[in-house]
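What you see below is based on every heavy atom in this structure, not just the backbone, and it leaves out hydrogens, waters and symmetry mates. So you know, we letter chains A, B, ... as the sequences are listed, proteins then strands, and number each from 1.
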Amino acid sequence: MKYESQSIAKWYWFVAMALFAVQVTVGVLAGYVYVAPNFLSELLPFNIIRMLHTNALIVWLLLGFFGAAYYLIPEESEREIYSPKLAYLQLVILVIGAGGAVVGYLFRIHEGREFLEQPLWVKLGIIVAALIFLFNISMTVLAGRKTAITNVLLLGLWGIAVFFLFSLYNPANLVLDKMYWWWVVHLWVEGVWELVMASVLAFILLKLTGVDREVVEKWLYVIVATSLFTGVLGTGHHYYWIGTPGYWQWIGSIFSSLEVIPFFAMVVFSFMMVWKGKRDHPNKAALLWSLGCAVLAFFGAGVWGFMHTLHPVNYYTHGTQVTAAHGHLAFFGAYVALNLAIMTYAFPHLLKRSPYNQVLNMASFWVMTSAMAFMTFTLTFAGAVQTHLQRVLGMNFMEVQDQLALFYWMRLGSGIVVVLGALMWLYAMLGPKAASTELAGQAAPAE
Amino acid sequence: MNPDIRRLLIVWAALSALTVTTMISGGATSPARVGALGLAVVLAAAVIKVVLVLAHYLDLRQAPGWLSGFRLATLVLAAALYGLALIG
Amino acid sequence: MSEMLTKSAARNIFYGGSAFFFAVFIGLAAHSHYYAATVSTDVAGLTESVERGKRIWEKHACVDCHSILGEGAYFAPELGNVFVRYGGDKDAKGAREALKAWMQAQPTGIEGRRQMPQFHLNDKELDDLVDFLAWTNKIKTQNWPPKVSG
Amino acid sequence: MTRSRTPTLTDSTIPDAAAPPADDWGPFTGLPGHPLMWVLIGSELLVFGAALLGLLGGRIADPVGFRLAQDHLDRLAGGVNTLVLLTSGLFVAIAVVRAKAARVAATRGWLAASAGLGLMFLAVKAVEYATEIGAGWGLDSGGFITLYFLITGFHALHVVMGLIILGIVARWPTAGNVATGAAFWHMVDLVWLLVFPVVYLVR
């Protein structure tokens with residue numbers, strides 16, 4: 001850690017880690033309700049469990065992004081964060097908002113659009129926090145060295161805030177509601193979040209591999225250009241069946257098929273950088289998570305997305321467990337793994353330690369990744385069966401669900417393993433060795 | 001005359017001639033259907049035009065690797081288009 | 001020619017290209033907005049009770065179990081076309097009564113069956129909700145879903 | 001705002017390695033015009049290629065409907081527009097030659113001539129659209145008509161974008177800028193060379 005204010009990141013990430021634990025635990029709960037539907041059905045119905053699962057995920061990922069920004073921007077801009085006080089104020093607002101939302105959900109205080117269930121006051125709090133954040137970060141970047149990484153990251157973060165504003169627009173016409181709802185959801189995860197992902201990944205690889213900045217930054221522009229060139233009109237793949245015009249079937253199919261390109265480029269980029277890299281960095285776990293992130297994002301977002309993005313296919317698979325399969329692996333690969341990568345990389349610096357608990361951390365990668373892959377396959381099979389029975393043969397929804405019980409048991413099993421993996425990772429990050437491996441100052445390993 | 005410009009003019013003349021060929025074999029002024037042979041001429045002319053534009057207008061003759069890559073891609077695309085056109 | 005190979009030129013092309021695609025997207029979205037507000041939905045039928053029904057749908061986070069037009073959770077049946085599944089195209093009144101009766105009978109408490117909570121909606125609220133679902137059923141969705149099973 | 005004095009891990013303190021030259025773009029090196037413009041060109045070719053394949057694929061599903069609609073296209077106008085764009089491409093290619101010789105006035109003149117033909121293309125296209133829309137065609141008519149509007153409309157928007165780009169490079173007519181702008185313009189031209197036969201003539 002080169003700049004004092006980088007330690008802000010640590011506090012964001014502590015909160016993110018706590019919510020990560022909540023998210024996966026609640027996920028297992030949801031998976032259990034699938035196989036034992038009477039469980040908690042009066043006390044904590046499925047809809048509440050699900051909004052906890054998805055909202056905790058979104059919020060912790062965002063906290064992770066904020067932390068990543070606070071960590072890497074000082075190093076990139078070569079100066080301290082404009083105002084650490086504002087950064088902590090922002091965190092307090094976010095913690096109050098997130099905590100308030102979680103507790104509120106338990107008491108049925110929520111709004112009712114998928115992923116945007118936060119009560120209005122929480123949404124406004126998020127916007128205020130985002131404004132503080134953008135002001136703070138932009139002031140830092142504007143005053144400092146401008147790199148491609150900060151440029152792209154900043155554009156991504158501004159995009160996150162701007163598109164979130166559409167969460168406030170909820171017209172009575174369901175079609176319009178859905179149309180603009182996707183401006184938050186799609187333009188986030190298949191648009192501006194990809195900018196954050198690419199820039200953070202570029203930063204980590206720059207540090208881990210020691211490849212020339214010039215090379216990394218050129219790749220970065222190529223990748224983010226293909227992301228937005230394909231991803232913006234790729235929104236069309238959500239406009240097939242919600243009352244929007246038929247031409248979206250062509251636009252969505254064509255552009256979203258090409259959305260796989262940036263993810264493929266990220267895989268090639270990451271492996272090229274490692275291969276060309278001159279540095280043998282001791283933080284192997286961070287490298288594993290970074291490469292894993294690129295590869296899993298390629299499969300989860302790219303391949304699994306492509307699988308059902310063409311409109312003749314989507315006509316049958318839309319809104320089945322195929323979507324659930326894609327959603328799980330895409331979020332894990334692209335954004336969970338990214339956050340775990342940057343935290344794994346940065347924590348030793350923040351705690352002023354050499355990299356620690358590497359073996360456990362890497363083991364947790366394989367445990368979580370295998371379990372997520374298994375879950376994805378399970379849900380994909382469930383989705384294929386569901387599509388056939390329900391959409392082709394026209395069987396009743398609940399009858400079909402009964403046929404899928406075995407898949408849901410397997411999904412629950414893999415979910416439990418994911419939680420174990422997550423706990424292993426949290427222990428590796430925060431457990432005893434983190435507190436004991438004092439960095440031997442100048443005797444830091446040659447890198 | 002500047003040799004580059006002379007070359008560009010020749011290419012332009014060839015492109016124009018190919019376009020006229022396309023319009024004739026593609027029946028631009030007649031309502032008749034275009035047969036398999038006519039389609040083949042139309043698509044072949046299109047491929048030649050695309051390659052000429054790539055090589056001379058876009059100056060890809062400076063980057064032979066890219067030129068042959070694009071040429072191959074255009075050929076594959078045209079072949080696929082021809083196949084679909086014949087089925088339909 | 002290295003002046004053009006700089007990263008700042010790369011940034012400009014990235015911004016310019018993205019702005020182009022975004023402009024196309026906005027243009028098409030504007031057309032789609034118009035289409036949704038005039039062609040694909042029953043605007044005259046979008047009464048206050050339909051809107052109240054939508055707010056009830058949201059208040060109880062129905063979308064976190066059900067899906068509507070294929071979006072939402074996949075824990076409970078698709079409701080975009082539930083009205084027609086209950087025979088509303090032939091007997092609207094009968095479908096309305098059946099849907100209301102279903103809502104009031106929840107939860108079933110049957111062991112091993114997914115449970116829908118009891119939301120304690122009064123008769124007017126139930127009517128509003130059914131109005132919303134009946135209105136939704138009329139949206140022109142490019143013939144989705146493929147089967148009435150949703 | 002004090003710097004930490006704690007000894008730190010070296011990967012934060014190593015200065016960035018000596019940068020390779022700015023014009024080294026790996027596999028993209030050697031392409032005329034900016035490498036990122038080629039990323040755009042590549043994306044566009046994939047998009048239009050997929051759209052044309054989609055068009056002919058859709059035609060298999062509904063050959064009669066496609067033919068009935070397609071017969072209303074003005075094939076002669078499409079052919080004339082091909083010649084217009086090819087000539088415009090010639091002018092912009094000459095502009096690149098002039099820009100390399102640092103002849104600013106000539107460069108701007110050829111760019112303007114090229115843009116003029118671009119406007120003519122749009123004018124012809126507008127007349128076609130006016131007739132078709134007058135006949136009741138619309139973007140959401142479905143089948144061939146929707147694809148026709150999507151493909152040619154998206155192409156026409158590229159012509160508009162190309163005009164803007166030509167304007168920008170005419171303002172700053174360095175050899176690199178003109179080559180980059182010309183690359184985009186030629187891509188628009190090239191796409192039309194495939195769009196015209198497939199949309200208008202395959203029948």
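Summarising the geometry, atom CZ belonging to D:Phe91 is positioned 11.5 Å from atom CG belonging to B:Leu8; distances are rounded to the nearest 0.5 Å. One distance of note links CD1 of D:Ile60 with CD1 of B:Ile87; it measures 4.5 Å at 0.5 Å rounding. Rounding to the nearest 0.5 Å places CG of D:Leu55 at 5.0 Å from CD1 of D:Ile151. To the nearest 0.5 Å, atoms CG (D:Leu122) and CG (D:Leu117) are separated by 11.0 Å. Atoms CG and CZ, from D:Leu166 and D:Phe184 in turn, are 9.0 Å apart once rounded to the nearest 0.5 Å.
No other option in D:Leu53, D:Leu83, D:Ile94 has as many heavy-atom pairs under 4.5 Å with chain B as D:Leu53. Between chain B and the options D:Leu73, D:Leu76, D:Leu90, heavy-atom pairs under 4.5 Å are most frequent for D:Leu90. Among D:Leu52, D:Leu193, D:Leu45, D:Ile41, the residue with the largest count of heavy-atom pairs under 4.5 Å with chain B is D:Leu193.
Side-chain contact between D:Leu150 and D:Leu139 is present, with heavy atoms from C-beta onward closer than 4.5 Å. D:Leu194 has its side chain out of reach of D:Phe48: every pair of non-hydrogen atoms, C-beta onward, lies at least 4.5 Å apart. The closest side-chain heavy-atom distance from B:Val50 to B:Phe70 is not below 4.5 Å.
Among all heavy-atom pairs drawn from D:Val96 and D:Ala182, the shortest one is CG2-CB, 3.5 Å. Across all their heavy atoms, B:Ala85 and B:Leu39 have their closest contact at CB-CD1, 4.0 Å. Looking at every heavy atom in both residues, B:Ala14 comes nearest to B:Leu52 through CB-CD1, 4.2 Å. Of all non-hydrogen atoms in B:Ala63 and D:Gly30, the two that sit nearest each other are CB-O, 3.9 Å.
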For chain D against chain B, give me the donor-acceptor pairs closer than 3.5 Å, one per line with atom names and distance.
residue, atom, partner, partner atom, Å
B:Trp12, NE1, D:Thr87, OG1, 3.1
B:Gly26, O, D:Arg203, NH1, 2.9
B:Gly27, O, D:Arg75, NE, 3.1
B:Gly27, O, D:Arg203, NH2, 3.2
B:Ser30, O, D:Arg75, NH2, 2.9
B:Ser30, O, D:Arg203, NH2, 2.9
B:Ala32, O, D:Arg203, NH2, 2.8
B:Arg33, NH2, D:Asp71, OD2, 2.9
B:Val34, N, D:Arg203, O, 3.2
B:Tyr57, O, D:His186, NE2, 3.2
B:Tyr57, OH, D:Leu86, O, 2.9
B:Tyr57, OH, D:Leu90, N, 3.4
B:Trp66, NE1, D:Pro27, O, 3.1
B:Ala85, O, D:Arg59, NH1, 3.2

- Check the pair D:Val84 / D:Val124 against side chain to side chain contact (heavy atoms under 4.5 Å, CB included), numbers first and verdict last. CA-CA 10 Å; D:Val84 170; D:Val124 173; 5.7 Å; no
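For B:Ile5, the part sitting under 4.5 Å from any heavy atom of chain D is the side chain, from C-beta outward, and nothing else. Looking at B:Leu15, both its backbone and its side chain come within 4.5 Å of chain D, counting heavy atoms on both sides. Within the 4.5 angstrom heavy-atom criterion, atoms from both the backbone and the side chain of D:Val202 approach chain B. Proximity to chain D is absent for every atom of B:Leu18, based on heavy atoms less than 4.5 angstrom apart. Contact of D:Phe28 with chain B is made through backbone and side chain together, with heavy-atom distances under 4.5 Å.
Scanning residues 40-48 of chain B against chain D with a 4.5 Å non-hydrogen threshold yields B:Val42, B:Leu43, B:Ala46, sorted by number.
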